[in-house]
**Student:** 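One structure coming up, written as structure tokens, with questions to follow.
Here, residue 1 is the first one in the sequence, and each next residue gets the next number. On a predicted model such as this, the values are computed, not experimentally measured, just so you know. No hydrogens, no waters, no symmetry mates; every other heavy atom, side chains included, goes into these values.
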Amino acid sequence: MAMISPKSMLQVPPPNCLYSAKYGQFLPVTTTTLSPKRTPPTLITTRSAKKTSRLIMGASASSFSADIGDVLSDVSIFTSAGKPIMFKDLWDQNEGIAVVALLRHFGCPCCWELASSLKESKEKFDSSGVKLIAIGVGTPNKARLLAERLPFPMDCLYADPERKAYDVLGLYYGLGRTFFNPASAKVFSRFDALRKAVKNYTIEATPDDRSGVLQQGGMFVFKGKQLLYSRKDEGTGDHAPLDDIFEICCKVPVA
């Protein structure tokens, strides 16, 4: 994928670059100081009840074990205020419905665009009894930068600096996925939304651990611990269509 210059993007920061004070421009991330990706656990085909197998069908090319909800429940992340919290405490693990959006990182302009769309959809989620959860790579103070400047509700935003949930879910990672995957070109079709979302953008929200900028995100819908929908982002800015998310989570009966 060709790099996006600040001039051609009307000063919108390119999604795959970091700002260089020395050169006064956005430069592509290199791999010279990046740590290797940890190998995610082996996952097998999801086993689900008949009433939800229709929902999962075609939602993702990935397969997940039947106990993925149990495995994920013991992962510890942080609230945007900096308090440790377990996944199992994020929503009702019996019958509660949750949309779990894993962003790339808090300094990714494309993730500010996704967060903006999620914020605009929150009222619809709330009215359907659906819990909205957004997670990003970085420390809580980076999460607060996004929450304060976008803005985005802090009680829905969480930080995963060690990418624990990303590893459990086997989300994509690497130089090729970040810079060169054809799916990343989808961001060009959303230029106006991107420009609006990054009005108050700051590069300071980028993780201090630069290895995090090569992480891709994904979207998941759970009912209790049961996975109803899963989609891994193929590249930067390749987000799940929110219409698909509404179709899944807003039509599932809430106990």
**Student:** Can any side-chain N or O of Lys232 pair as donor or acceptor with the backbone N or O of Gly170 at less than 3.5 Å?
**Tutor:** yes
**Student:** Would you please name every residue forming a side-chain contact (heavy atoms from CB on, under 4.5 Å) with Glu148, sequence neighbours left out?
**Tutor:** Arg144
**Student:** Do Ser117 and His239 make a side-chain contact, defined as non-hydrogen atoms from C-beta onward lying under 4.5 Å apart?
**Tutor:**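 No, their side chains stay 4.5 Å or more apart.
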**Student:** Would you kindly confirm whether Leu175 and Val213 end up in one hydrophobic cluster when ILVMFWY residues are joined by side chain heavy atoms under 4.5 Å apart?
**Tutor:** yes
**Student:** With a 3.5 Å cut-off and sequence neighbours excluded, list the donor-acceptor pairs that the side chains of residues 131-139 form with protein atoms.
**Tutor:**
{"residue": "Lys131", "atom": "NZ", "partner": "Leu90", "partner atom": "O", "Å": "2.6"}
{"residue": "Thr139", "atom": "OG1", "partner": "Asn141", "partner atom": "OD1", "Å": "2.3"}

**Student:** Determine which pairs satisfy side-chain hydrogen bond (donor to acceptor under 3.5 Å, both in side chains) with at least one residue from residues 81-90, sequence neighbours left out, and list them in order.
**Tutor:**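 Counting only pairs at least two positions apart or across chains, no side-chain hydrogen bond (donor to acceptor under 3.5 Å, both in side chains) contact touches residues 81-90.
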**Student:** Please determine whether residues Ile77 and Leu169 belong to a single hydrophobic cluster, defined as Ile, Leu, Val, Met, Phe, Trp and Tyr linked transitively by side-chain heavy-atom distances below 4.5 Å.
**Tutor:**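 Yes; tracing contacts between hydrophobic side chains, which count when under 4.5 Å, links both residues.
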**Student:** Given Asp238, which of Gln216, Arg177, Arg231 fulfils the side-chain hydrogen bond (donor to acceptor under 3.5 Å, both in side chains) condition?
**Tutor:**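 That would be Arg231; it is the only one of Gln216, Arg177, Arg231 passing the side-chain hydrogen bond (donor to acceptor under 3.5 Å, both in side chains) with Asp238.
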**Student:** Check whether Ile68 and Val75 end up in the same hydrophobic cluster, where Ile, Leu, Val, Met, Phe, Trp and Tyr are linked by side-chain heavy atoms less than 4.5 Å apart.
**Tutor:**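 Both belong to a single hydrophobic cluster.
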**Student:** Taking side chain as C-beta onward, heavy atoms only, is Asp244 less than 4.5 Å from Met219?
**Tutor:**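 Answer no - side chains too far apart.
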**Student:** Test: side-chain hydrogen bond (donor to acceptor under 3.5 Å, both in side chains). Region: residues 66-77. Which pairs qualify, not counting sequence neighbours?
**Tutor:** Ser65-Asp67, Asp70-Lys225
**Student:** Any chance you could measure Leu228, atom CG, to Phe220, atom CZ, to the nearest 0.5 Å?
**Tutor:**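 If we round to the nearest 0.5 Å, Leu228:CG and Phe220:CZ are 12.5 Å apart.
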**Student:** Going only through I, L, V, M, F, W and Y residues with side-chain contacts under 4.5 Å, is there a path from Met154 to Leu103?
**Tutor:** no
**Student:** Kindly give the heavy-atom pair with the smallest separation between Tyr173 and Ser211, and that separation in Å.
**Tutor:** OH-O, 3.1 Å
**Student:** Which atoms form the tightest heavy-atom contact between Cys249 and Val130, and what is the distance?
**Tutor:** O-CG2, 3.7 Å
**Student:** I'd like to know if the side chain of Lys142 reaches the main chain of Thr206, judged simply by a donor and an acceptor atom lying under 3.5 Å from each other, with no hydrogens or angles considered.
**Tutor:** yes
**Student:** Short question: side chain of Tyr201, backbone of Arg195 - any donor-acceptor pair under 3.5 Å?
**Tutor:** no
**Student:** Can you give me the closest heavy-atom contact between Asp233 and Ala240, atom names plus distance?
**Tutor:**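 The answer is OD1-N, 4.2 Å.
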**Student:** How close do Ala197 and Leu150 get, heavy atom to heavy atom, and via which atoms?
**Tutor:** O-CD1, 3.3 Å
**Student:** Side-chain contact, heavy-atom cut-off 4.5 Å: Leu194 with Pro109?
**Tutor:**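 Answer yes - side chains close enough.
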**Student:** If a pair satisfies ring pair (Phe, Tyr, Trp, His ring centres under 6.0 Å) and one of its residues is in residues 80-103, list it, with sequence neighbours excluded.
**Tutor:** Trp91-Phe222
**Student:** Is the backbone of Pro207 close enough, under 3.5 Å, to the side chain of Arg210 for a donor and an acceptor to pair up by distance?
**Tutor:** yes
**Student:** Side chains of Tyr229 and Val99: does their closest heavy-atom pair fall under 4.5 Å?
**Tutor:**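 No - every pair of side-chain heavy atoms lies 4.5 Å or more apart.
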**Student:** Does any non-hydrogen side-chain atom of Glu113 lie less than 4.5 Å from one of Val198?
**Tutor:**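 They are not in contact (no side-chain heavy atoms under 4.5 Å apart), so the answer is no.
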**Student:** Do any N or O atoms from the side chain of Ser80 and from the backbone of Ala143 form a donor-acceptor pair under 3.5 angstrom?
**Tutor:**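 Absent.
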**Student:** Which residue pairs satisfy the ring pair (Phe, Tyr, Trp, His ring centres under 6.0 Å) criterion with at least one member in residues 126-158, sequence neighbours excluded?
**Tutor:** none
**Student:** Side chains of Leu146 and Trp112: does their closest heavy-atom pair fall under 4.5 Å?
**Tutor:**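 A side-chain contact exists here, since the closest heavy-atom pair is under 4.5 Å.
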**Student:** For the side chain of Arg104 and the backbone of Gln215, is there at least one donor-acceptor N/O pair under 3.5 Å apart?
**Tutor:**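 Present.
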**Student:** Transitively linked via ILVMFWY side-chain contacts under 4.5 Å: Leu145 with Ile203?
**Tutor:**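 No, because Leu145 and Ile203 fall into different hydrophobic clusters, even though each may have its own neighbours under 4.5 Å.
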**Student:** Please work out whether the ring planes of Phe125 and Phe246 are parallel, tilted or perpendicular, with thresholds of 30° and 60°.
**Tutor:**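 Tilted: the ring planes of Phe125 and Phe246 meet at 30° to 60°.
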**Student:** Check whether Thr202 reaches the backbone of Glu204 with its side chain - one donor and one acceptor, N or O, closer than 3.5 Å.
**Tutor:**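 Yes; judged by distance alone, with no hydrogens or angles, the pair exists.
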**Student:** Is there side-chain contact between Ile245 and Val221, with at least one heavy-atom pair below 4.5 Å?
**Tutor:** yes
**Student:** Work out which heavy atom in Ala101 is nearest to a heavy atom in Leu118; give both atom names and the distance.
**Tutor:**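 The pair with the smallest heavy-atom distance is CB-CD1, 3.7 Å.
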**Student:** State, yes or no, whether a side-chain contact exists between Lys119 and Cys156 at a heavy-atom distance under 4.5 Å.
**Tutor:** no
**Student:** What distance separates Thr236 OG1 from Tyr172 OH, expressed to the nearest 0.5 Å?
**Tutor:** 14.0 Å
**Student:** Any chance you could measure Asn181, atom CG, to Lys186, atom NZ, to the nearest 0.5 Å?
**Tutor:** 9.0 Å
